[in-house]
Novice: 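Mind looking over this structure? Questions follow.
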Number of protein chains: 2
Amino acid sequence: MSTAHGARARARVEVTAAIKDEARRQLAAEGAAKLSLRAVARELGMVSSALYRYFPSRDDLLTALIIDAYDSLGESAEAAHGAAADSGPLQRWIAVCEAVRGWALAHPHEYALIYGSPVPGYTAPDTTVPAAARVGNLLLGILRDAYRGLGLARPPLPAALRPEAERMAADLAPDLPPETVTALVAAWAQLYGLVGFELFGQFNRVVEDRETFFRHAAGQLAQGVGLVYPQRGPAS
Amino acid sequence: MSTAHGARARARVEVTAAIKDEARRQLAAEGAAKLSLRAVARELGMVSSALYRYFPSRDDLLTALIIDAYDSLGESAEAAHGAAADSGPLQRWIAVCEAVRGWALAHPHEYALIYGSPVPGYTAPDTTVPAAARVGNLLLGILRDAYRGLGLARPPLPAALRPEAERMAADLAPDLPPETVTALVAAWAQLYGLVGFELFGQFNRVVEDRETFFRHAAGQLAQGVGLVYPQRGPAS
DNA sequence: TCCAAAGCAAGAGCAGCGCTCTCATTTTTG
DNA sequence: CAAAAATGAGAGCGCTGCTCTTGCTTTGGA
């Protein structure tokens, strides 16, 4: 159905892909701010106006790149998780965290695109949500496995936060304790704080051995979500 | 000396301030990417080329705004810390964290400017370092007080990280244990992860009661640096 | 099979941008 | 008081995102 509509449709997906490829190259080389539709068109041997047949605006091109970046990051994390499938939850947690960091260091501009300052006036369409959730779901899965296996330590929860914690748990993982889900959301944000600080230069002149530092911090995050010092989990 | 050089020098600082004020207004209104020298000049009733007598480039204007933003954030944090001066270290820690979050929510574009994706090709000059360090120094001071008073729990440190931890401690706070300094650096990055995720929309459809969530998370960070469950500190 | 409809590339053009250069005017300084 | 420095205005260069019109090609129904 999607590939049957003749030469024209096939050419369209090819050109679309070529535009995204060239845009990604410019993004990696110069950053999102210097991504220019005209430059992309020039490099592809087309005139700039022709490009608008494929992406109605520069922001739409960026949106496409954002979704691809989320997916690329998600794939990296999932691959790392798969490679550590035989290890314990703590090792898999750390493997995923390190995959996120590794991908970010390898694709700094794409990371900045998805986790840095949002483009002004630009709000990510709902299309990006599933791709953006992949890493979170991966971490959630690790916690689920651990919860059903060895059990999870349950970080204490202040009374004021309990309603919100139960709401989040109902939304994200009804089979996990609210304490765990809340701790995961916090750890998730904190993970990106660590990666972002390293990537955006905030660790310059502060942290030198960043690899070791990050591995340790990832382990601390794991402890925060109850992955360390496991105890028998209470009945769900 | 600095104000004595006649009307021209006085006019210069006034015009410089006016430019920065107008630029800050546009920054708050539209974000850094849409900050235009021409628009600033237009609003000030001058021609765009005249503006280059005060800021040699758009990036230099941004640098000035960055330093101001760091200082504004630092002042907010210090004020909050001062207001909580009579409270215990944990309360002061949380007060500073909440001040950071509050400032970020009140000045989202300025926060994005200093803690979001760096401007492409732009590397912050060393001028920004002291201003950028103010919040960190504040948190460090809280830990120092606690360490000298009730004492701090000392988070465990893996052997692989010990050399780096000792180096960081020697650089940042030779009077504090390496475990504490390492934990602080991590908590510092994680704090900005939490703030950034909320600010940049990553918590949309995930966290609703963000105030309560953040307060809890800040308390968890405090625990991570040893501020909770204080025990008699060992000899320094 | 033919023809209207739709898809597409190209070019010209608009308004805006950062930035540079020149020129006249004003203030400061030796 | 004259030389030097600072300042503002204007024109202009090359770039940007984006729109509109003009022809050409592919497509799908009669």
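Below, chain A is the first sequence line, B the second, and so on; all start at residue 1.
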Novice: Rounded to the Å, how far apart are A:Arg38 CZ and C:dA12 P?
Specialist: 12 Å

Novice: Scan for side-chain hydrogen bond (donor to acceptor under 3.5 Å, both in side chains) pairs involving residues 201-213 of chain A, sequence neighbours excluded, and state none if there are none.
Specialist: A:Gln202-B:Tyr70, A:Asn204-A:Arg210, A:Arg205-B:Asp126, A:Asp209-A:Thr212

Novice: Does B:Leu61 reach a base, just sugar-phosphate, or nothing at all? Heavy atoms under 4.0 Å.
Specialist: nothing

Novice: Rounded to whole angstroms, how far apart are CD on A:Gln26 and C1' on D:dT16?
Specialist: 13 Å

Novice: Please report the distance, rounded to the nearest Å, between CD1 in B:Ile19 and P in C:dG18.
Specialist: 13 Å

Novice: What integer distance in Å separates A:Leu37:CG from D:dC18:C1'?
Specialist: 9 Å

Novice: Mind checking side chain to side chain donor-acceptor pair (under 3.5 Å) for B:Ser49 and listing every partner two or more places apart, or none if nothing turns up?
Specialist: none

Novice: Tell me what A:Ser57 touches on the nucleic acid: a base, only sugar-phosphate, or nothing, going by heavy atoms under 4.0 Å.
Specialist: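 Contact class for A:Ser57: sugar-phosphate only.
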
Novice: Do any side-chain nitrogens or oxygens of A:Arg12 fall under 4.0 Å of OP1 or OP2 in D:dT27?
Specialist: no

Novice: Atom OH of B:Tyr52 to atom P of D:dA6: distance rounded to whole Å?
Specialist: 20 Å

Novice: Below the 4.0 Å mark, does C:dG7 have OP1 or OP2 next to a side-chain nitrogen or oxygen of A:Tyr54?
Specialist: no

Novice: Between A:Pro56 and B:Ala50, which residue's closest nucleotide on DNA chain D lies nearer the 5′ terminus?
Specialist: B:Ala50

Novice: Assign A:Leu51 to base, sugar-phosphate, or nothing according to its heavy-atom contacts below 4.0 angstrom with the strands shown.
Specialist: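 Counting heavy atoms under 4.0 Å across all strands, no contact is made by A:Leu51.
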
Novice: Whole angstroms only, please: what is the CD-C1' distance between B:Glu14 and D:dT7?
Specialist: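 About 15 Å, once rounded to whole Å.
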
Novice: Using a 4.0 Å heavy-atom cut-off, write out nucleotides 21-27 of chain C from 5' to 3' as B (base contacted by protein), S (sugar-phosphate only) or - (no contact).
Specialist: B----BB

Novice: Side chain to side chain donor-acceptor pair (under 3.5 Å) with B:Arg42: which residues, sequence neighbours excluded?
Specialist: none

Novice: Between A:Arg167 and A:Asp171, is the closest basic N to carboxylate O distance under 4.0 Å?
Specialist: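 Result for this pair is yes, salt bridge flagged.
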
Novice: Would you please name every residue forming a ring pair (Phe, Tyr, Trp, His ring centres under 6.0 Å) with A:Phe55, sequence neighbours left out?
Specialist: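 Result, ring pair (Phe, Tyr, Trp, His ring centres under 6.0 Å) vs A:Phe55: none returned.
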
Novice: Could you state the CG-C1' distance from B:Leu44 to D:dG8, rounded to the nearest angstrom?
Specialist: 13 Å

Novice: Which residues satisfy the ring pair (Phe, Tyr, Trp, His ring centres under 6.0 Å) test with B:Phe214, sequence neighbours excluded?
Specialist: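 With sequence neighbours excluded, B:Phe214 shows a ring pair (Phe, Tyr, Trp, His ring centres under 6.0 Å) to no residue whatsoever.
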
Novice: Salt bridge or not for B:Arg25 and B:Glu22, using N-O below 4.0 Å?
Specialist: yes

Novice: For the pair made of CE in B:Met46 and P in D:dA6, what is the distance, rounded to whole Å?
Specialist: 16 Å

